[in-house]
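Here's the structure, in C-alpha cells; my notes come after.
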Amino acid sequence: MMKVAIPIWNLRISPLFDTAHQLLIVEIENGQELSRSQVELEGYFPPWRARKLSELRVQTLICGGISRQLAAMLIGAGITIVPWLSGFVEDVLQAYLKGKLPDPRFLMPGCHPRGRGGRFRGREGRSWWSGGGNL
C-alpha cells in the first residue's frame with residue numbers, strides 16, 4: 001500500500017503546495033484507491049510541511065508549483081514529487097492510477113514537452129523528482 005498526497009483548492013490541484021490549506025490523502029494498492037481523507041495544513045514553514053507529510057507516511061506528492069527549498073526537504077525525506085500539474089483533482093488522480101502521468105493536458109502553463117520522445121518536463125527541467133536527483 002502507498003499514500004499519495006494532493007494539495008487541493010476548489011476541487012482542483014492547488015497552484016502552489018507551499019501555500020495550500022488542504023491536502024487530500026489517498027491510500028492506493030495495486031493501482032486501486034482504498035481510502036481517502038482530507039487534512040488541513042496550517043502554517044507555511046517548509047520544515048513543518050515536510051515533517052507533516054512524513055508523519056502522514058506519504059510516499060508521493062502530486063502538486064502544482066513547489067519551492068526548491070520545500071522540494072529538497074521532501075526528497076530528503078524520501079517522498080517522490082510529481083510537480084507542475086494543474087486541473088481537477090479527480091481527473092489527475094485517475095490519470096495517476098492508470099499510469100498516465102505526466103499528461104500534457106494537466107501541465108501547468110509554461111510547461112511543455114522537451115527532449116527525446118516528447119518526455120514532459122516542468123520548469124525545473126525534470127518530470128518527477130525523487131531522492132538522489134538535483135533540483
Side-chain angles (χ1 to χ4, degrees):
M1 182 182 68
M2 71 176 300
K3 285 188 181 180
V4 173
I6 306 172
I8 56 175
W9 180 72
N10 289 338
L11 304 176
R12 299 181 66 86
I13 292 180
S14 181
L16 182 62
F17 176 63
D18 300 57
T19 60
H21 295 282
Q22 290 189 332
L23 195 62
L24 176 66
I25 306 294
V26 182
E27 292 185 354
I28 299 169
E29 187 170 52
N30 297 324
Q32 299 293 317
E33 180 180 328
L34 298 178
S35 66
R36 66 172 60 193
S37 60
Q38 285 191 23
V39 174
E40 294 291 323
L41 293 173
E42 298 175 9
Y44 303 113
F45 189 51
W48 182 89
R49 286 188 175 242
R51 184 172 55 248
K52 183 69 173 177
L53 264 63
S54 291
E55 289 171 358
L56 292 168
R57 299 184 190 271
V58 168
Q59 288 105 354
T60 301
L61 172 68
I62 298 172
C63 63
I66 185 170
S67 68
R68 285 179 182 235
Q69 178 187 24
L70 184 49
M73 290 177 189
L74 294 175
I75 291 166
I79 297 170
T80 297
I81 306 170
V82 184
W84 311 119
L85 300 179
S86 65
F88 287 102
V89 170
E90 292 303 322
D91 295 339
V92 174
L93 179 59
Q94 289 307 308
Y96 177 78
L97 291 172
K98 294 175 182 173
K100 300 203 181 243
L101 287 184
D103 182 316
R105 64 189 166 130
F106 299 124
L107 292 174
M108 293 183 81
C111 296
H112 49 63
R114 270 192 264 167
R116 297 177 55 102
R119 184 172 179 195
F120 288 90
R121 296 177 182 265
R123 292 183 191 117
E124 300 300 322
R126 59 199 54 79
S127 57
W128 292 32
W129 294 333
S130 59
N134 294 323
L135 290 179

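- Looking only at distances, a side-chain donor or acceptor of R49 sits under 3.5 Å from a matching main-chain atom of A20.
- A continuous path of hydrophobic side-chain contacts links W48 to L53 [ILVMFWY only; heavy atoms under 4.5 Å].
- Of all heavy-atom pairs between V89 and I8, the closest is CG2-CG2, 3.2 Å.
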Kindly list each side-chain donor-acceptor pair under 3.5 angstrom involving residues 37-45, sequence neighbours excluded, with atom names and distances?
from : atom 1 : to  : atom 2 : distance (Å)
E40  : OE2    : Q22 : NE2    : 2.9
Y44  : OH     : H21 : NE2    : 3.4

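- Applying the salt bridge (Lys or Arg N to Asp or Glu O under 4.0 Å) test to pairs two or more places apart or on separate chains, none has a residue in residues 74-87.
- Here the CD atom belonging to Q94 is positioned 12.0 Å from the NZ atom belonging to K100, to the nearest 0.5 angstrom.
- Listed by chain and number, the residues in a side chain to side chain contact (heavy atoms under 4.5 Å, CB included) with E27 are M1, K3, L34, S35 (sequence neighbours excluded).
- Evaluation of the salt bridge (Lys or Arg N to Asp or Glu O under 4.0 Å) test over residues 17-26, restricted to residues two or more places apart or in two chains, returns none.
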side-chain contact (heavy atoms from CB on, under 4.5 Å) between I79 and T60: does it pass, once the steps are laid out? CA-CA 5 Å; I79 297 170; T60 301; 5.8 Å; no
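- At a threshold of 4.5 Å between side-chain heavy atoms, the hydrophobic network of Ile, Leu, Val, Met, Phe, Trp and Tyr places L97 and M2 in one connected group.
- Shortest non-hydrogen contact noted between L85 and V82 is CD1-CG1, 3.7 Å.
- When every heavy atom of G65 is checked against every heavy atom of W84, the shortest pair comes out as CA-CZ3, 3.3 Å.
- Closest approach of L61 and P7 over heavy atoms only: CD1-CD, 3.8 Å.
- Between the side chain of D103 and the backbone N or O of R105, at least one donor-acceptor pair lies under 3.5 Å.
- Residues F88 and M108 fall into different hydrophobic clusters, defined by Ile, Leu, Val, Met, Phe, Trp and Tyr side chains chained together at heavy-atom separations under 4.5 Å.
- With sequence neighbours left out, R36 forms a salt bridge (Lys or Arg N to Asp or Glu O under 4.0 Å) with E33, E90.
- Under the 4.5 Å side-chain criterion, counting only non-hydrogen atoms from C-beta, V92 is not in contact with I6.
- Sorted pairs that involve residues 7-17 and meet side chain to side chain donor-acceptor pair (under 3.5 Å), not counting sequence neighbours, are lacking altogether.
- L74 and F17 get closest at one heavy-atom pair: CD1-CE2, 4.2 Å.
- Residues I62 and I13 share a closest heavy-atom pair of CG2-CD1, 4.2 Å.
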